[in-house]
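The figures that follow rest on heavy atoms only: side chains count, while hydrogens, waters and symmetry mates do not. Counting starts at 1 for both ligands and their atoms, following the listed order.
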Amino acid sequence: MTSEAKKPAPVPMLDVGRGNQPLKQEFLDAIERVIDSGRFLHGPEVTELEKTVANLSETAHGIGCASGSDALLLALMALDIEPGDEVILPSFTFFATASAVARLGAEPIFVDIDPMTYNMDPECLEGSISARTKAIIPVHLFGQCAPMDRINEIAESHGLPVIEDAAQAIGAAWDDRPAGSWGLVGCLSFYPTKNLGGMGDGGMLVCNDEAFASKLRLLASHGMQPRYYHKLVGINSRLDTIQAAILNIKIARLADYAKARSEHADRYKELFQASQLHEIVELPRKQPKATHVWNQYGIRVPHGRRDALKAHLQQQGMGCEIYYPVPLHMQECFSDLGYSLGCLPNTESAAREILHLPVYPELTLREQESVVEAIESFYMSGAYRRVA
Ligand SMILES: *Cc1c(COP(=O)(O)O)cnc(C)c1O
């Protein structure tokens, strides 16, 4: 083989343009309608999206807010979480799950994960409940629900509310019951990399309890009711009308997006098996009860080779990413909480070994082949042996 051997075209980790481009005229028309209406906040498009998302989540209420991070914060505020309280959550998640707790002066209590699914281990949850525990936040990581039947059972036996961090899991389900409908409240995000990605920030809360929904809505608008009379010290957190107009167009395609992601996951499995790589790297596992929406596709790279494989893939133009390299209990900002390396072994090994590959709906078969071929070339090359 000469050095001129054909290099495959680069594969981006995510290309939001591919999904948005074909809908561009629809977006522009919708944005124009909002501009003409002048109702940039609280427009009818927001109400429409709230209804659609609540329906899809099989909940009675949907409350738009500015981001998934704000949804978590608002849920905790509505539960009156305050200094001295403890909230249990996994350490293997995006920062916002924990920062919402810390922001209110409460203490995040980090628990370990099931190494097969990367989701909260219910037995670790049970062992961490104390007299100060005020809430539990399971995270449906990478698009697969945490075992909500078991988590709810534990929560109920201790009389504790459950806040689902479903930021990565819109459209997912556990035992055919949608993400966001298991807990007291579910938190969704429309950040551009999520399965329902907007063109900026956005989020939503879904819940069944009418009084709780009203409190969430109140807290998201300065605790104000009626105008200039403030019942609670709320925040300003709104989903704007233009964002909702865009999301109304995309949500009609959400099931197709999830189907494409799921097909890509199946295809990766076939490609990895065909090349015997599944005996070296560990493929993601779908639980029988889970309807997985594949927000991310993460493989586990054993024997300390993960970072070398990542460097090799990047050098080959293959997009890949690590979610998440540093577990939250090891973050500098949480150093005063007193965790140390070794506290949460499953979390720590996942953070050392996981590597995510492109899985967005518009990914092509040829691109998936390129990604898997690049991984194969790593294991056949000196790049692999050098790390040994
Ligand atoms: C994205 C994300 C959030 C935060 O959502 P934003 O809309 O970006 O604020 C919270 N939790 C998890 C697990 C996420 O992936």
Side-chain angles (χ1 to χ4, degrees), residues 13-14 16 46 49 53 62-77 87-104 108 110-111 113 117-120 135-146 148 151 162-172 174 179-180 182-183 185-206 216 220 235-240 243-244 246-247 250-251 261 292-298 321-329 331 334 347 350-351 354 356 359-360:
M13 180 61 192
L14 177 65
V16 291
V46 178
L49 185 70
V53 172
I63 299 112
C65 64
S67 66
S69 304
D70 271 10
L72 289 158
L73 182 65
L74 286 161
L76 291 162
M77 287 173 74
V87 177
I88 302 175
L89 65 150
S91 169
F92 200 54
T93 175
F94 178 62
F95 180 64
T97 322
S99 64
V101 176
R103 172 83 34 225
L104 295 174
F110 296 114
V111 295
I113 50 168
T117 63
Y118 308 109
N119 280 323
M120 178 186 269
I136 300 164
I137 316 182
V139 180
H140 306 317
L141 206 64
F142 308 143
Q144 175 164 239
C145 284
M148 289 310 299
I151 288 170
V162 172
I163 299 170
E164 293 176 70
D165 183 340
Q168 300 182 6
I170 188 168
W174 182 257
W182 284 85
V185 57
C187 302
L188 300 169
S189 164
F190 306 127
Y191 183 78
T193 66
K194 308 294 161 124
N195 280 30
L196 182 62
M199 295 184 187
D201 278 311
M204 196 169 290
L205 293 133
V206 289
L216 290 169
I235 59 175
N236 170 17
S237 184
R238 285 182 286 236
L239 178 67
D240 67 82
Q243 210 56 247
I246 288 162
L247 291 166
K250 294 189 86 171
I251 201 168
R261 286 172 181 274
H292 201 318
V293 293
W294 300 100
N295 179 245
Q296 298 295 345
Y297 185 92
E321 198 52 77
I322 298 167
Y323 307 113
Y324 297 92
V326 182
L328 298 186
H329 72 285
Q331 294 289 345
F334 292 135
T347 297
I354 204 158
H356 291 90
V359 73
Y360 48 96

Check your understanding: ligand 1 and Asp201, any nitrogen or oxygen pair closer than 3.5 angstrom?
Key -> no

Exercise for review: Output yes when the distance from some N or O of ligand 1 to some N or O of Asp165 is under 3.5 Å, and no in every other case.
Suggested key: yes

Point to revise | From Leu74, Leu188, Ile163, residue fulfilling side-chain contact (heavy atoms from CB on, under 4.5 Å) relative to Leu205 | key: Leu74

Exercise for review: Ignoring hydrogens and angles, tell me if any N or O in the side chain of His140 forms a donor-acceptor pair with the backbone of Ala146 under 3.5 Å.
Suggested key: yes

Review point. Within the structure, does Gly68 bring an N/O atom to less than 3.5 angstrom of an N/O atom in ligand 1?
Key: yes

Practice item. Considering the heavy atoms of Lys194, write down every atom of ligand 1 situated less than 4.0 Å from one of them. Key: 1 (C), 2 (C), 3 (C), 14 (C), 15 (O)

Exercise for review: Could you tell me whether Thr93 and ligand 1 have an N or O pair separated by under 3.5 Å?
Suggested key: no

Practice item. Give a yes or no on whether the backbone of Phe142 and the side-chain of Asn119 come within a donor-acceptor separation of less than 3.5 Å. Key: no

Practice item. Report yes if Ser69 has an N/O atom closer than 3.5 Å to an N/O atom of ligand 1; otherwise report no. Key: yes

Check your understanding: What atoms of ligand 1 come within less than 4.0 Å of a heavy atom belonging to Val139?
Key -> 13 (C)

Exercise for review: Have a look at ligand 1 and work out which part of Ser67, if any, has a heavy atom under 4.0 Å from it: side chain, backbone, both or neither.
Suggested key: both

Review point. Is the shortest heavy-atom distance from the side chain of Val293 to the side chain of Arg261 under 4.5 Å?
Key: no

Check your understanding: So do Phe190 and Ile251 actually touch side chain to side chain, heavy atoms under 4.5 Å?
Key -> no

Review point. Just wondering, do Ile235 and Met77 contact through their side chains at under 4.5 Å, heavy atoms?
Key: yes

Study note, to complete from the structure: The atoms of ligand 1 lying under 4.0 Å from a heavy atom of Ala96, numbered in the order shown, are 4 (C), 10 (C)

Check your understanding: Would a 4.5 Å heavy-atom cut-off, applied to side chains only, mark Met148 and Val162 as touching?
Key -> yes

